[in-house]
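Start at 1 and go down the list; that is how both ligands and their atoms are numbered. Positions are given from 1 along the sequence.
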Amino acid sequence: MKCAQHYDVVVIGSGIAGLSAAIEAKSHYPRVLIIEKLTTAGGNSLISDGGIAVVGSDIQRRKKIDDSVALLTQDILKAGGYQNNPKLVDTIAKHSNQAYEWTKAMGVQYQDRVDFFGGHSVKRCLTPLNKSGKDFIKPMVKYATNLGVEFLYNTKVLDITIQANRATEVHVESKRNNHCVIHINHRLIVAAGGFSSNQKMIEMYNSSLENLSSTNLPSAQGELLVLLEAKGAQLIGMENIQCGPWASPDEKGFGLGPLFADYIALPYGILINPKNAQRFVNERADRKVVSDALISMPYALAITDHTMVLDSGWDIARLIQKKVVEVADDLSIIAERYGMDSTKLKATIDTYNNHIVAKANDHFLKDLNAVKPLINPPYYTMKTVSKIHHTMGGIQINEHAQVITKDGQCFENVFAAGECTGGVHGISRLGSMAITDCLVMGRIAGKNHHKN
Ligand SMILES: Cc1cc2nc3c(=O)[nH]c(=O)nc-3n(C[C@H](O)[C@H](O)[C@H](O)COP(=O)(O)OP(=O)(O)OC[C@H]3O[C@@H](n4cnc5c(N)ncnc54)[C@H](O)[C@@H]3O)c2cc1C
């Protein structure tokens with residue numbers, strides 16, 4: 001254990017936000033340390049899909065998708081209920097392509113595809129080679145290590161000393177219960193993730209979400225939010241807790257289901273309430289709209305046809321093999337399988353298809369120009385439920401990633417980035433925006449723009 005040592009920059013958390021911050025900090029400060037309570041790097045970033053929303057990427061340009069910083073900014077603000085800090089949103093949208101190019105320079109590789117998620121106006125989500133956060137963490141840890149960033153694993157931050165508005169020490173405990181103090185010469189960067197696995201905190205801030213399971217690692221406990229608040233930091237938007245409306249009730253955690261429900265069925269298919277065989281929401285709306293609509297149902301049924309799966313380019317064979325996704329040659333089989341009135345289900349799908357063909361307006365204001373009729377069997381179905389996925393609230397920061405105190409000032413040398421912060425996403429985070437946020441704000445937190 002690196003006890004009683006002095007570091008120029010101490011970063012708490014080794015997810016994408018912490019790694020981005022540490023890598024940037026290393027070009028300005030000789031001694032940079034990342035403290036991580038788990039045995040390896042990555043946190044939730046590691047188990048994520050690694051999807052990243054980018055404006056003006058080479059892939060978007062090649063596929064001739066018109067996009068702009070203003071459009072992404074507008075999408076984020078709209079989904080966020082305009083409760084986001086516009087300066088943060090603008091900063092992240094403006095720097096998304098730079099951040100993406102930066103990851104490529106570190107060795108992150110991407111698939112040649114671009115996906116649509118609800119609430120975005122255009123396709124702008126890029127996927128790393130193996131559709132996994134590992135595709136980021138592995139090269140970023142390697143890059144950081146080669147630069148000389150030091151890592152302290154199995155070590156939990158318990159306390160921070162703040163004197164005269166400056167963080168001077170962190171108090172840590174190793175797995176073997178050794179306690180020690182690490183001194184901070186210049187800067188503390190908090191990148192400790194969200195609190196989606198802390199049921200007590202979830203209930204405290206939003207009692208409507210009790211008893212929902214989470215897609216996150218058990219370590220997403222939010223203890224740094226509690227600690228920083230006790231030290232005078234302002235927390236904001238803590239009640240804004242995101243549920244992912246695309247999880248399978250038959251799987252634990254995130255599971256395989258989101259590949260079908262989030263990447264294919266919500267953008268291109270439909271959701272049905274099995275109680276009445278009716279659609280009930282704009283399936284292409286942002287996660288909060290969809291999740292709020294389905295949260296009181298035991299489950300909703302996501303349906304696509306074969307064309308939609310083929311068009312998506314995703315391989316769902318494993319999901320079918322594990323019976324997360326079921327296949328049916330006929331709509332009457334689906335009706336029987338899920339206890340629905342077959343005539344009603346056919347009528348719902350006929351009406352939907354006719355509206356698409358007639359270019360009519362959808363009852364739920366879905367953009368029917370972006371979808372095709374469901375006509376080509378086999379049909380694919382998946383039960384979907386909402387699971388707690390992301391916490392939008394957290395430590396208040398400004399666009400320089402400085403932590404704001406309860407009296408509206410900034411700590412002199414405390415910065416924060418990633419899911420532990422609040423103010424970026426407002427009431428609803430758009431799909432694939434978290435990693436963009438971590439990269440952009442993490443880099444800013446590590447940069448030497450303010451002397452401290
Ligand atoms: C299954 C899943 C899939 C997702 N897919 C996507 C996606 O495709 N695209 C997207 O944009 N977003 C996605 N998200 C959300 C996104 O992954 C997270 O919001 C993001 O990775 C958070 O990164 P972070 O660096 O802020 O925190 P994390 O990656 O969670 O890292 C925080 C680290 O801090 C450590 N830590 C916490 N407290 C302490 C302490 N007291 N002492 C020491 N260390 C501590 C934790 O152990 C953790 O390793 C997904 C989330 C999940 C759960």
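The contact set between ligand 1 and I35, taken as ligand atoms under 4.0 Å from a residue heavy atom, comprises 43 (C), 44 (N). Of all atoms in ligand 1, numbered sequentially from 1 with element shown, those under 4.0 Å from a heavy atom of L224 are 40 (C), 41 (N). Within the listing of ligand 1, atoms 26 (O) sit less than 4.0 angstrom from a heavy atom of G418. The distance from ligand 1 to the heavy atoms of S432 drops below 4.0 Å at these ligand atoms: 9 (N), 10 (C), 11 (O). Close approach of ligand 1 to L38 (heavy-atom distance below 4.0 Å) involves ligand atoms 47 (O). Within ligand 1, counting atoms from 1 as listed, the ones closer than 4.0 Å to a heavy atom of H390 are 19 (O). Near K156, meaning under 4.0 Å from any of its heavy atoms, are these atoms of ligand 1: 41 (N), 42 (N). Every atom of ligand 1 is numbered from 1 in the order shown, and the set under 4.0 Å from a heavy atom of T215 is 1 (C), 53 (C).
Counting heavy atoms from C-beta on, the side chains of K63 and D112 come closer than 4.5 Å. Looking only at side-chain heavy atoms (C-beta outward), S57 and V114 stay at 4.5 Å or farther from each other. Taking 4.5 Å as the limit, some side-chain heavy atom of V141 sits within range of a side-chain heavy atom of F151. Put simply, the side chain of E251 reaches to within 4.5 Å of the side chain of L256, judged on heavy atoms.
Between M392, M433, E419, E36, it is E36 that holds the heavy atom closest to atom 48 (C) of ligand 1. For atom 50 (C) of ligand 1, the nearest non-hydrogen atom from the set H389, M441, Q242 belongs to H389. Closest heavy-atom approach to atom 20 (C) of ligand 1 among the candidates A191, S45, G431, S20: S45. Scanning S214, A53, G253, A192 for the heavy atom closest to atom 37 (C) of ligand 1 points to A192.
Closest to atom 38 (N) of ligand 1 among all protein heavy atoms lies E223 OE2, 3.2 Å. A17 N, 3.0 Å is the protein heavy atom nearest to atom 25 (O) of ligand 1. Of all protein heavy atoms, the one lying nearest to atom 53 (C) of ligand 1 is N216 ND2, 3.3 Å. Summary of contacts: the protein heavy atom closest to atom 16 (C) of ligand 1 is A434 CB, 3.8 Å. Among protein heavy atoms, the minimum distance from atom 27 (O) of ligand 1 is reached at G193 CA, 3.5 Å. Protein heavy atom in closest approach to atom 5 (N) of ligand 1: D49 N, 3.2 Å. Residue, atom and distance of the protein heavy atom nearest to atom 44 (N) of ligand 1 are K37 N, 3.1 Å. Residue, atom and distance of the protein heavy atom nearest to atom 7 (C) of ligand 1 are G51 N, 3.6 Å.
Residue G43 has at least one N or O atom closer than 3.5 Å to an N or O atom of ligand 1. Close N/O approach between S219 and ligand 1 is not found [any backbone or side-chain N/O within under 3.5 Å]. Checking only distances, V157 does come within under 3.5 Å of ligand 1, N or O to N or O. Considering backbone and side-chain N/O of I16, one or more are found under 3.5 Å from N/O of ligand 1. In terms of N/O distances under 3.5 Å, ligand 1 is approached by I435.
More than 12 heavy atoms of other residues, nucleotides or ligands shown are found within 6.0 angstrom of NZ on K406. Surrounding NZ of K104 are more than 12 heavy atoms belonging to other residues, nucleotides or ligands, all under 6.0 Å away.
Of the listed residues (D75, D66, D115), just one forms a salt bridge (charged side-chain N to carboxylate O under 4.0 Å, His left out) with R124, and that residue is D75.
Between K131 and D49 there is a salt bridge, since at least one side-chain N of the basic residue sits less than 4.0 Å from a carboxylate O of the acidic one. Taking a cutoff of 4.0 Å between a charged side-chain nitrogen and a carboxylate oxygen, K123 and D67 do not qualify as a salt bridge. We find that K372 and D311 are joined by a salt bridge, their nearest charged nitrogen and carboxylate oxygen being less than 4.0 Å apart. Classification of R443 and E24 as a salt-bridged pair holds, one side-chain N sitting under 4.0 Å from a carboxylate O.
Ring centroid separation for the pair Y263 and F117 comes in under the 6.0 Å cut-off. In this structure, H390 has its ring center under 6.0 Å from that of H425.
Contact analysis puts T155 in contact with ligand 1, with a non-hydrogen atom separation below 4.0 angstrom. At least one heavy atom of G42 sits less than 4.0 Å from an atom of ligand 1. Close to ligand 1: R429, with a non-hydrogen atom less than 4.0 angstrom away. Within the structure, the closest approach of C438 to ligand 1 falls below 4.0 Å when heavy atoms are considered.
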Item checked: Full working for side chain to side chain contact (heavy atoms under 4.5 Å, CB included) between F415 and I444 -> CA-CA 9 Å; F415 295 72; I444 290 174; over 6 Å; no
Next item on the list: Show your reasoning for whether side chain to side chain contact (heavy atoms under 4.5 Å, CB included) applies to L88 and I397.
Entry: CA-CA 9 Å; L88 284 172; I397 52 167; 4.1 Å; yes
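Every residue meeting the ring pair (Phe, Tyr, Trp, His ring centres under 6.0 Å) condition with F254, not counting sequence neighbours, appears here in chain and number order: W246, H389.
I76 and V424 get closest at one heavy-atom pair: CG2-O, 4.0 Å.
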